[in-house]
Amino acid sequence: MKAFYVILSILILSEATVLRTKESLAKNVTLDKYGFQPLCASCTGLITVASFILKFDVSEPVVLEFATIICKLFAKQPWAVCDGISSQFRDEFFYVFRRLANESPSQICGIILPDCADPTDPSEAGWKVALPPKPKRKRVMKPKRPKISSPSQNLNILQLTDLHVDFEYKYPSEANCDDPVCCRISVADPKKASGYWGSVGKCDIPYWTVENMLSHINKTHLIDMVIMTGDYINHVDWEYSIEEHLSVLRKLHHLVQSTFPTTPIYWALGNHEGVPVNSFAPHTVDERFWPTWLYKEFQAMNTPWLSEGSDDSLLKRGSYSTQVMDGLKLVSLNTGFCEVTNFFLYLNQSDPDSSMSWFVKELYESELKGEQVYVLAHIPPGDSECLEGWAFNYYRVIQRFESTIVAQFFGHDHLDYFTVFYEDMHDITSKPIGVGYAAPSVTTFEYQNPAYRVYEIDPYNKFKIVDFTTYSADLEKANENNKPVWEKLYSAKEAYGMTDLSPISWNKVIQKLIKSDKKRQQFYKYAFRNSSPHCDTTCELQLMCNLRMGHHNSTLYCPTF
């Protein structure tokens with residue numbers, strides 16, 4: 001029985017990290033003569049027995065040892081990586097497993113066996129956040145005109161995302177190693193030598209390249225606001241620690257703040273800010289798991305620019321809202337509460353820490369005032385790492401407040417793309433009502449050149465985005481003696497022949513991309529910032545799916561060529 005328990009534990013740790021949506025589940029479920037699914041019934045029974053044994057057998061070290069072995073043999077990762085990950089998730093995994101096994105063993109089976117339940121909602125909660133009715137027009141107040149120096153002047157917003165700065169980056173070092181992340185160990189004769197300014201591949205970006213980029217931006221652009229959309233920590237997640245995270249966050253905060261000392265800077269949380277990675281415990285679990293240390297640090301990073309009262313939500317759930325200027329509010333959402341491998345969510349996926357309810361409240365208040373809202377978040381809702389319950393409700397909120405939400409800014413995927421939201425989330429021929437912008441990463445992990453983006457905003461037309469321009473540097477052309485050259489990669493209007501950046505216009509761009517192979521190939525190059533994108537046909541199809549996938553329904557949103 002112990003052997004079974006070990007194997008089952010590994011299955012949960014591995015399989016729960018893969019999002020399987022409703023359309024991917026088996027359509028013909030086999031039932032026995034009593035009307036049960038045999039595999040599910042067996043799974044539930046074994047989970048119950050395993051839980052019973054765990055109560056009387058202190059076997060956690062044994063389970064972790066086997067987990068490390070299985071990781072090494074089947075995931076083919078180095079011992080240090082497997083041992084680190086097993087240790088990182090030890091307390092969280094056993095806490096969640098014990099509670100689920102005691103309260104509802106079938107939920108565990110729903111996570112690992114697609115025929116037992118929808119793995120994105122194994123408790124079958126099917127939660128829906130309450131949405132208020134639209135207010136009467138006469139109650140809406142007009143916002144004051146924003147205070148800027150010239151009536152004809154547009155505003156420039158800089159977006160930086162997925163920096164993943166590696167303070168242990170080594171030059172020279174091996175850029176093609178066996179570890180998940182390379183460029184960290186100095187070697188005399190590397191098979192593939194790392195570049196001084198960075199290496200496009202399995203390496204994160206060195207600190208001095210980020211310094212160079214920020215210096216260039218400061219000298220080249222007039223920036224009115226900076227938005228940071230998460231993932232500041234490197235990808236060496238098997239070595240994560242609270243102390244190291246705090247050190248990195250403080251160094252980056254100091255660097256960005258010293259570069260833009262008088263410019264408002266707004267920071268959002270990414271999944272790699274969690275320790276362990278992706279872990280953001282809601283207040284429904286034991287206090288020892290709460291990421292209070294992280295929320296306090298982000299409070300300090302955002303404090304100079306937060307409105308009165310913003311601290312309460314930031315310290316409770318890692319999300320906050322703040323008044324940017326007259327007529328414009330910014331809402332930063334902690335999407336750690338939609339992360340598939342945040343195991344705490346499998347105890348209860350329904351609106352963790354009331355984040356979605358709080359989001360609705362903030363939007364409704366802005367709607368009543370007649371002000372516009374920018375949404376700042378890390379994981380796009382249609383991403384495979386975001387649970388469908390969250391994605392579905394987020395989509396409903398976008399639909400309800402389409403006239404209030406002007407723009408949505410995301411990161412996470414490291415790729416450059418956009419997502420159109422529709423009036424009917426199950427009908428892509430319905431009216432386009434919103435756009436989410438997934439900006440390109442600063443890090444080179446994996447196989448992209450570093451990039452940043454500047455949005456041009458019209459403050460006198462509901463703070464709409466007039467255009468955006470993405471800038472990148474070709475690190476293969478840079479070396480120790482030649483600094484990176486940060487050049488314009490493309491502007492949205494020029495590249496796609498757009499008259500404006502409305503949802504309707506972006507929907508037309510999607511139609512052009514689907515029809516033209518030449519335009520798609522150019523889109524892939526923009527996405528990777530690389531003349532030879534490291535992207536096979538499956539990758540290319542997924543990028544095209546992303547353009548309309550605001551939640552998980554690939555059979556509807558993925559095109560056919």
Quick check against the 3.5 Å criterion: does [X] have a side-chain atom that pairs as donor or acceptor with the backbone of [Y]?
X: D351; Y: S357; value: yes
X: S472; Y: P450; value: yes
X: N449; Y: L475; value: yes
X: D536; Y: E540; value: no
X: R520; Y: I514; value: yes
X: E273; Y: G270; value: yes

Are the charged groups of [X] and [Y] less than 4.0 angstrom apart, N to O?
X: K464; Y: D500; result: no
X: R184; Y: D166; result: yes
X: K488; Y: E494; result: yes

Less than 6.0 Å separating the ring centroids of [X] and [Y]?
X: W290; Y: Y295; value: no
X: F409; Y: Y455; value: yes
X: Y395; Y: H551; value: yes

Using a distance-only test with no angle check, is there a side-chain donor-acceptor pair under 3.5 angstrom linking [X] and [Y]?
X: T443; Y: D162; value: no
X: S307; Y: S310; value: no
X: N278; Y: T341; value: yes
X: W358; Y: D353; value: no
X: S199; Y: Y169; value: yes
X: S491; Y: T469; value: no

Do [X] and [Y] come within less than 4.5 Å of each other through their side chains, counting heavy atoms only?
X: Y266; Y: M225; value: yes
X: L387; Y: F337; value: no
X: T335; Y: D383; value: no
X: H245; Y: L294; value: no
X: Q448; Y: S441; value: yes
X: N156; Y: N154; value: no
X: V181; Y: E168; value: no
X: L155; Y: M325; value: yes

Counting only heavy atoms not in [X], do more than 12 fall under 6.0 Å of its [atom1]?
X: K508; atom1: NZ; result: no
X: H283; atom1: NE2; result: yes
X: I185; atom1: CD1; result: no
X: K462; atom1: NZ; result: no
X: K361; atom1: NZ; result: yes
X: E476; atom1: CD; result: no

In terms of ring plane angle, is the pair [X] and [Y] parallel, tilted or perpendicular, where the classes change at 30° and 60°?
X: Y374; Y: F463; value: perpendicular
X: H235; Y: F445; value: parallel
X: H272; Y: H164; value: perpendicular
X: F298; Y: Y232; value: tilted

Does NZ or CZ of K251 lie under 6.0 Å from the centre of the six-membered ring of Y207, at an angle within 45° of the ring axis?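 Judged by the rule (NZ or CZ under 6.0 Å from the ring centre, within 45° of its axis), K251 is not positioned above Y207.
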Test: C177-C182 SG spacing under 2.5 Å: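 Yes, the SG atoms sit under 2.5 Å apart.
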Check the pair H216 / T220 against side chain to side chain donor-acceptor pair (under 3.5 Å), numbers first and verdict last. CA-CA 6 Å; H216 164 80; T220 309; 3.3 Å; yes
Among W486, Y452, F260, find the one that has a ring pair (Phe, Tyr, Trp, His ring centres under 6.0 Å) with H221.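 With H221 as partner, W486, Y452, F260 yield a single ring pair (Phe, Tyr, Trp, His ring centres under 6.0 Å), made by Y452.
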Only one of F410, F418, F468 passes ring pair (Phe, Tyr, Trp, His ring centres under 6.0 Å) with Y437; say which it is. F468
The single option from D231, T161, L163 passing side-chain contact (heavy atoms from CB on, under 4.5 Å) against V442: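 The option that passes is L163.
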Among M549, Q408, E385, H412, whose side-chain contact (heavy atoms from CB on, under 4.5 Å) with P380 holds? H412
So, taking the atom named CG in L214 and the one named CG in L255, what distance separates them when rounded to the nearest 0.5 Å?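 Answer for the CG-CG pair, L214 versus L255, is 5.0 Å.
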Which heavy atom in N342 sits nearest to a heavy atom in S279, and how many Å separate them? OD1-CA, 3.9 Å
For F421 and G436, which heavy atoms make the closest approach, and how far apart are they? CE1-N, 3.9 Å
